Amino acid sequence: MIVVMASGNGSNFEAIVNSGIKVNLVITNKKDAGVINRATRLGVHYIVSNKDYEQHVPKDTKLVILAGFMKLLSSKFVEKFKTVNIHPSLLPSFKGAHAVKQALDAGVKISGCTVHWVDKEMDTGKIISQSSCCVLDNDSEESLSEKIHLLEHKIYPETIKELIEEKNDNSNS
Ligand code: GRF
């Protein structure tokens, strides 16, 4: 059983499904999240749960995939379930919810995204894979986010496939 948890648009969820990965369930904490329309269109069962989202993850879940899920999970949860996340910066730089803006404000010339294991802190778990892009002088938060999203849609499915095939089982959970 593979579960995706998402709070927003869900473009990463869609890229994962389109890559051929079988997602069994989507859990969202937002009743108006874009991921709901995508799940409906792609025929993936979804649950909306504002508070008890952790309780909806089935016991036999092999991997929990966070794809723009804007809530911190409990330590009990991340100890129980192997959980991965994708973050729009080259961690350990620029953790948190405003990573793209922080990278621009810092004037970095290279940014990108990071797939990492999830622990009980935010964006601190062991790094699994990264992909990078150039930051141009005229990049805005929007244009850089777009570039990073394109990287995400490639590296996240690729990395998840490797994890599922157990080529990489270095989970810190
Ligand atoms: C992505 O930028 C991801 O790095 C971050 O949340 C965003 C989700 O985008 N964790 P989407 O909802 O998959 O389009």
Side-chain angles (χ1 to χ4, degrees), residues 2-42 44 46-50 53-54 57 63-73 77-78 81-106 108 110-135 139-161 163:
I2 293 184
V3 175
V4 168
M5 298 175 83
S7 305
N9 180 25
S11 70
N12 278 284
F13 156 71
E14 182 154 358
I16 290 164
V17 172
N18 286 343
S19 78
I21 294 166
K22 172 79 185 145
V23 174
N24 305 95
L25 174 65
V26 172
I27 299 176
T28 183
N29 61 315
K30 295 267 180 200
K31 64 177 187 327
D32 55 354
V35 73
I36 293 174
N37 284 337
R38 294 182 194 262
T40 307
R41 178 159 44 77
L42 295 166
V44 180
Y46 69 86
I47 294 173
V48 182
S49 174
N50 181 26
Y53 38 81
E54 291 189 1
V57 175
L63 185 67
V64 176
I65 300 167
L66 304 187
F69 189 64
M70 302 306 280
K71 293 276 187 185
L72 259 189
L73 295 164
F77 182 93
V78 296
F81 295 109
K82 276 190 167 186
T83 305
V84 285
N85 182 40
I86 189 153
H87 180 76
S89 77
L90 295 175
L91 289 173
S93 294
F94 314 125
K95 300 181 175 81
H98 305 288
V100 176
K101 181 169 190 309
Q102 283 179 46
L104 281 173
D105 290 349
V108 296
I110 296 174
S111 191
C113 57
T114 303
V115 181
H116 64 94
W117 291 110
V118 175
D119 60 17
K120 63 181 168 42
E121 314 285 337
M122 196 191 289
D123 305 326
T124 55
K126 187 173 175 183
I127 292 170
I128 304 168
S129 62
Q130 292 184 308
S131 185
S132 63
C133 60
C134 290
V135 182
D139 262 326
S140 61
E141 200 176 336
E142 200 186 5
S143 67
L144 182 54
S145 292
E146 255 174 51
K147 272 194 262 186
I148 292 175
H149 260 101
L150 291 179
L151 299 177
E152 291 182 343
H153 295 165
K154 190 164 184 291
I155 197 174
Y156 211 12
E158 282 173 2
T159 304
I160 291 163
K161 280 184 183 170
L163 294 174

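Read the numbers this way: they start at 1 and go in the same order the structure lists the ligands and their atoms. Predicted model, so just to flag it, every value in this text is computed and none were measured.
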Numbering as shown, the atoms of ligand 1 that approach Ser11 to under 4.0 Å (heavy-atom distance): 11 (P), 12 (O), 13 (O), 14 (O)
Donor-acceptor pair, side chain of [X] and main chain of [Y], under 3.5 angstrom:
| X | Y | result |
| --- | --- | --- |
| Asn24 | Val3 | no |
| Ser19 | Pro157 | no |
| Ser129 | Thr159 | no |

[atom] [closest protein heavy-atom partner, distance rounded to 0.1 Å]:
| atom | answer |
| --- | --- |
| atom 12 (O) of ligand 1 | Gly10 N, 2.8 Å |
| atom 4 (O) of ligand 1 | Glu152 OE2, 2.4 Å |
| atom 10 (N) of ligand 1 | Ile86 O, 2.8 Å |
| atom 8 (C) of ligand 1 | Gly68 CA, 3.7 Å |

Mind checking whether Ile155 and Cys113 have side chains closer than 4.5 Å, heavy atoms only?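 Sidechains of Cys113 and Ile155: in contact.
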Side-chain contact, heavy-atom cut-off 4.5 Å: Tyr156 with Ile16? yes
My understanding is that only one of Ile110, Leu144, Leu150 makes a side chain to side chain contact (heavy atoms under 4.5 Å, CB included) with Cys133; could you say which?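 Result: among Ile110, Leu144, Leu150, Leu144 is the only option passing the side chain to side chain contact (heavy atoms under 4.5 Å, CB included) with Cys133.
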Using distance alone, determine whether Phe13 and ligand 1 share an N or O pair under 3.5 Å.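 No, no N or O pair falls under 3.5 Å.
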Looking only at N/O atoms, are Ala67 and ligand 1 under 3.5 Å apart anywhere? no
Side chain or backbone of His87 under 4.0 Å from ligand 1, or both, or neither, by non-hydrogen atoms? backbone
For the residue pair Met5 and Val64, what are the closest heavy atoms and their distance? SD-CG1, 3.6 Å
Shortest heavy-atom approach to atom 9 (O) of ligand 1 - which of Glu14, His149, Arg38: His149
